[in-house]
S.K.: 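Just passing along the structure, written as structure tokens.
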Amino acid sequence: MVALTFPDGARRDYPDNITGLDVAKGISPSLAKRTVAMVLDGQVADLADPIERNAKIEFLTREDARALELIRHDAAHVMAEAVQSLWPGTQVTIGPVIENGFYYDFFRNEPFTPEDLPVIEKRMREIIARDKPFTKEVWSREEAKRVFRDMGEQFKVELVDAIPEDQKIKIYNQGDWFDLCRGPHMTSTGKIGNAVKLMKVAGAYWRGDSRNPMLTRIYGTAFARQEELDAYLRQIEEAEKRDHRKLGREMDLFHFQEEGPGVVFWHAKGWTIFQELIAYMRRRLRGTYDEVNAPQMLDKSLWETSGHWGWFRENMFMAKSAGDETDDERIFAIKPMNCPGHIQIFKHGLKSYRDLPMRLAEFGVVHRYEPSGALHGLMRVRAFTQDDAHVFCTEQQMASECHRINELILSTYADFGFDEVVVKLSTRPEKRVGTDAMWDRAETIMTKVLGEIAERSDGRIKTGINPGEGAFYGPKFEYVLRDAIGRDWQCGTTQVDFNLPERFGAFYIDHDGAKKVPVMIHRAICGSMERFLGVLIEHYAGHFPLWLAPLQAVTATITSDADDYANEVIAAARRVGLRVEGDLRNEKINYKVREHSLAKVPVLLVVGKKEAAERLVSIRRLGREGQQVMPLDAALSALTDEAVAPDVRRMLKQAA
RNA sequence: GCCGGCUUAGCUCAGCUGGUAGAGCACCUGAUUUGUAAUCAGGAUGUCACAGGUUCGAAUCCUGUAGCCGGCACCA
């Protein structure tokens, strides 16, 4: 006998090994019909599974949030069947559920093209309409391997071998088609429904390893209801509208061109935002950090010492004299990081324990030869500005320095409206320098700090661990922020480094007069300023807050009678520090409003005869209808107040 | 770097199976002096990414290169 407890608290006994389906049927045929799977003690399982022990049981309908994964997983299987029925000889591999849908990787000499998607989708709908039940069988390893080998499914054979010994080899049938799968699945293909859409094709390496063959991956998504699918597609459209590459062009912020793959041409407006960002960061560093500037190019020996030449040579730019006549063959590397430079500055002159912690900051431009396929607008470039800093301190100071950095990072993100932040600790990678003892020490301290970060935030900051993701010289914290439409971006990082200072022979004189190697902490807040600005463009959808907006206001005339007054308005606004342009063209006000709205100018100061006569301005805000007429002085003081950067506002408040 | 796709005017895009390039917006000129998201009329606009090849003839077909886009791999 097994005792099952139902969601309403009722408890009933059933014969051993009764299936979920029979339990459901016993309650009511309609329940059995609409149930797609069951949940035993919180674990989703096939409805046809025999129940072997006492458990809490729940029946899932396809509308249940927990069924969404099943719908997508089933859809992946149906897609695989559709593909194999359309193109026999195609090998199947794996087809997992992912965040917004699912994919299935196929091996076929002729890769799929986007034109194939509608064809596959049509076949999928036929399979779904046939509504064949999913049934499970357990096979022996030998049988599974033999069957898949006979079918020519070599990847499946490999997968069977990869399944741990203590796990069963499960096969799911859907009509005549079957697949190796750990399950669970719904009761039949018809439960998937029709809110299914194939999204794109892409290449992907077998088992994620670039040494392995390239497979064709087909991405799709599925929802319980059509409205949800439609909403998802609209959300994708919304994200496309925010694309910083598109907004960058429309707002005249920057451009790229063929001669400079992965390097940015900043236009005046984009550079204004960039400089505002840097000015903001400089204010935040004032009093705590010393800003320095290390050379752009250094002899390669320095990079050999740091280890970069060994680990990352493929990703570095090399430079030497371009002249034919010169016999100077010295090889320089264009800096991919600021740390070796900062260590040289630390090493220059004898340092005492009294000088620590020494915090050196730099808005340094670094060059990295990123693989061509990695380049992506401002998000991944080959030359970028880091808001970088290196803290040289004692081991005892390390934890408090990490906390100081943490507070700076979190408050910076908050100033841009990023309140949801996750901090992840990345631990030692396989490719690394330094002894295990060093790594043990660093990871112990950082694990403790991570716990304290979570504690001090009252649970607002989530934390996590990325095993093996650390830098080659030390473990790191990665700061992941969530933008206005829920996308995550890794920006800030704090990396503890016991290795580089030692490799470079950096030391300070301790209390006892002995030479001691300092700990170095690498930290960045925005990370790449270019990328951070890209994130901001998408986060704000181009509607920058006034303090960041490159052009804060346009003064537009209604008739040329107001030209003189408009020029006065522009001059007055510039005097109080606003970034203002005039639009005195002989055009209708509708035209001007539309044009500046499309250019995402936050404020329009419209002046006509009436305003000119009474020294008024009619203010129209971006994205809002209607306007507010007020005296010029009042308008300018309201705008200058609004244009105060959040950190400056905080300082003013504290001073008051 | 790997797989696939794309590259036509400043921008967004047409251009059927090869017959010698188009639209809208933007731009320029003129008229219009306008009250909050497109005033009217006229005009100019191209090494069809680049380099080869096939062909009587290539934006169109083939090959190579570059860049971009979507993934994968990478990200000190």
Side-chain angles (χ1 to χ4, degrees), chain A residues 103 105 110-116 199-219 243 245-246 249-250 252 255-262 303 306-316 335-340 366 368-377 379-380 386 429 431-433 469-474 476 490 493 495 497 500 522 527-528 531 556-563 584-599 604-611 618-629:
Chain A
Y103 67 78
D105 284 345
E110 185 90 354
F112 298 101
T113 69
E115 288 79 63
D116 296 329
M199 306 297 289
K200 54 196 171 196
V201 294
Y205 297 110
W206 166 237
R207 295 189 150 180
D209 191 325
S210 57
R211 289 166 301 194
N212 287 342
M214 180 66 68
L215 308 171
T216 303
R217 176 171 297 180
I218 302 179
Y219 285 93
D243 191 312
R245 293 165 298 191
K246 182 172 137 75
R249 187 172 51 239
E250 289 172 1
D252 193 20
H255 85 267
F256 290 91
Q257 65 187 47
E258 273 198 42
E259 292 82 353
W303 304 101
S306 73
H308 290 96
W309 197 260
W311 298 128
F312 289 104
R313 194 179 156 186
E314 301 300 308
N315 301 295
M316 286 168 70
K335 67 177 176 185
M337 289 200 91
N338 298 305
C339 26
V366 295
R368 298 178 179 181
Y369 185 82
E370 301 287 0
S372 59
L375 303 179
H376 182 92
M379 301 306 187
R380 192 81 180 269
Q386 274 187 323
K431 245 172 83 168
R432 60 174 184 264
V433 294
E469 301 276 306
F472 72 85
Y473 48 69
K476 60 183 178 182
Q490 199 252 301
T493 173
Q495 313 181 355
D497 185 348
L500 277 191
H522 312 241
S528 148
R531 179 163 177 275
T557 50
I558 291 172
T559 83
S560 55
D561 293 337
D563 283 2
L584 311 193
R585 290 176 301 174
N586 176 14
E587 289 292 349
K588 288 194 165 187
I589 191 62
N590 280 306
Y591 181 86
K592 294 184 182 181
V593 166
R594 176 181 157 81
E595 196 163 273
H596 300 301
S597 298
L598 289 174
L604 277 183
L605 301 173
V606 178
V607 294
K609 270 187 198 162
K610 200 175 79 196
E611 288 79 7
S618 168
I619 305 181
R620 185 188 167 109
R621 303 296 304 237
L622 176 61
R624 264 181 253 163
E625 291 197 11
Q627 49 269 315
Q628 197 186 1
V629 180

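Order of the sequence lines sets the chain letters (A, B, ...), proteins ahead of strands, with each chain counted from 1.
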S.K.: Could you check how far CD of A:Glu250 sits from P of B:A26, rounded to whole Å?
M.R.: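 For the pair A:Glu250 CD and B:A26 P, the rounded distance is 14 Å.
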S.K.: Look through every strand shown and name the nucleotide pairing with B:U47 as Watson-Crick or G-U wobble, where both distances are under 3.5 Å.
M.R.: none
S.K.: Let me spell it out: for each of A:Thr559 and A:Leu215, pick the nucleotide of RNA chain B with the closest heavy atom. Which residue's pick is nearer the 5' end?
M.R.: A:Leu215
S.K.: How far does the C1' atom of B:G71 sit from the matching atom of B:G46, given to the nearest Å?
M.R.: 34 Å
S.K.: Using a 4.0 Å heavy-atom cut-off, does A:Lys609 contact any base of the nucleic acid, only the sugar-phosphate backbone, or nothing at all?
M.R.: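 The answer is base, as A:Lys609 lies within the cut-off (heavy atoms under 4.0 Å) of a base atom.
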S.K.: With rounding to whole Å, what would you report as the distance between B:C56 and B:C3 at their P atoms?
M.R.: 35 Å
S.K.: Just the atom pairs and distances: protein N or O near nucleotides 8-15 of chain B's N or O, under 3.5 Å.
M.R.:
{"from": "B:U12", "atom 1": "OP1", "to": "A:Arg249", "atom 2": "NH2", "distance (Å)": "3.1"}

S.K.: Tell me whether the count of non-hydrogen atoms from other residues, nucleotides or ligands lying under 6.0 Å of CD in A:Gln257 goes above 12.
M.R.: yes
S.K.: Are the charged groups of A:Arg211 and A:Asp209 less than 4.0 angstrom apart, N to O?
M.R.: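 Judged by the 4.0 Å cut-off on N to carboxylate O distance, A:Arg211 and A:Asp209 do form a salt bridge.
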S.K.: When you compare B:G15 with B:C48, how far apart are their C1' atoms, in angstrom units rounded to a whole number?
M.R.: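 To the nearest whole Å, 11 Å.
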S.K.: Is the shortest heavy-atom distance from the side chain of A:Val606 to the side chain of A:Gln627 under 4.5 Å?
M.R.: no
S.K.: Given the C1' atoms of B:A73 and B:U55, what is the spacing between them in whole Å?
M.R.: 42 Å
S.K.: Kindly indicate whether the side chain of A:Tyr205, heavy atoms from C-beta on, has any atom under 4.5 Å from the side chain of A:Met214.
M.R.: yes
S.K.: For a 4.5 angstrom cut-off between non-hydrogen side-chain atoms, does A:Pro336 reach A:Asn315?
M.R.: no
S.K.: What string of B, S and - do you get for nucleotides 68-76 of chain B 5' to 3' if you count protein non-hydrogen atoms under 4.0 Å?
M.R.: SSBBBBBBB
S.K.: Closest heavy-atom contact between A:Ser618 and A:Glu611?
M.R.: CB-OE2, 3.8 Å
S.K.: Is there a side-chain contact between A:His522 and A:Tyr473 (heavy atoms, below 4.5 Å)?
M.R.: yes
S.K.: Please examine the side chains of A:Thr113 and A:Val201, heavy atoms only from C-beta on, and report whether any two atoms are closer than 4.5 Å.
M.R.: no
S.K.: Does B:G19 pair with anything, Watson-Crick or G-U wobble, both distances under 3.5 Å, and if so, with which nucleotide?
M.R.: B:C56
S.K.: Please tell me if the side chains of A:Lys592 and A:Thr557 come closer than 4.5 Å, counting only heavy atoms from C-beta onward.
M.R.: yes
S.K.: Taking only the P atom of each, what is the distance from B:A23 to B:G18 in whole angstrom?
M.R.: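 That atom pair is separated by 24 Å.
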S.K.: If you measure from the P atom in B:G4 to the same atom in B:G10, how many Å do you get, rounded?
M.R.: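 The answer is 31 Å between these two P atoms.
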S.K.: Cation-pi check for A:Phe472 against A:Lys431: NZ or CZ below 6.0 Å from the six-membered ring centre and within 45 degrees of the axis, yes or no?
M.R.: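 No, a cation-pi geometry is absent between A:Lys431 and A:Phe472.
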S.K.: With C1' as the reference atom in both, quote the distance from B:U12 to B:C2 in angstrom, rounded to an integer.
M.R.: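 Comparing C1' positions in B:U12 and B:C2 gives a spacing of 31 Å.
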S.K.: Can you tell me the base-pairing partner of B:G1? Count Watson-Crick or G-U wobble geometry only, both distances below 3.5 Å, and say none if there is no partner.
M.R.: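 B:G1 is paired, partner B:C72.
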S.K.: If we take the P atom in both B:G70 and B:A21, what is their distance in whole Å?
M.R.: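 It works out to 34 Å between them.
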S.K.: Taking the side chain as every heavy atom from C-beta outward, state whether A:Leu622 and A:Ser597 have any atom pair closer than 4.5 Å.
M.R.: yes
S.K.: Which base sits across from B:U36 as a Watson-Crick or G-U pair, both distances under 3.5 Å?
M.R.: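 Pair assignment: B:U36 / none.
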S.K.: Which base sits across from B:A66 as a Watson-Crick or G-U pair, both distances under 3.5 Å?
M.R.: B:U7
S.K.: Tell me the partner of B:C28, counting only Watson-Crick (N1-N3 plus N6-O4 or O6-N4) or G-U wobble (N1-O2 and O6-N3) with both under 3.5 Å; none if nothing fits.
M.R.: B:G42
S.K.: Would you say A:Thr216 and A:Asp105 make side-chain contact, with heavy atoms under 4.5 Å?
M.R.: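 Contact flag for A:Thr216/A:Asp105 side chains = no.
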S.K.: What does nucleotides 36-48 of chain B look like as a protein-contact string, B for base, S for sugar-phosphate only, - for none, at under 4.0 angstrom between heavy atoms?
M.R.: BBBB---------
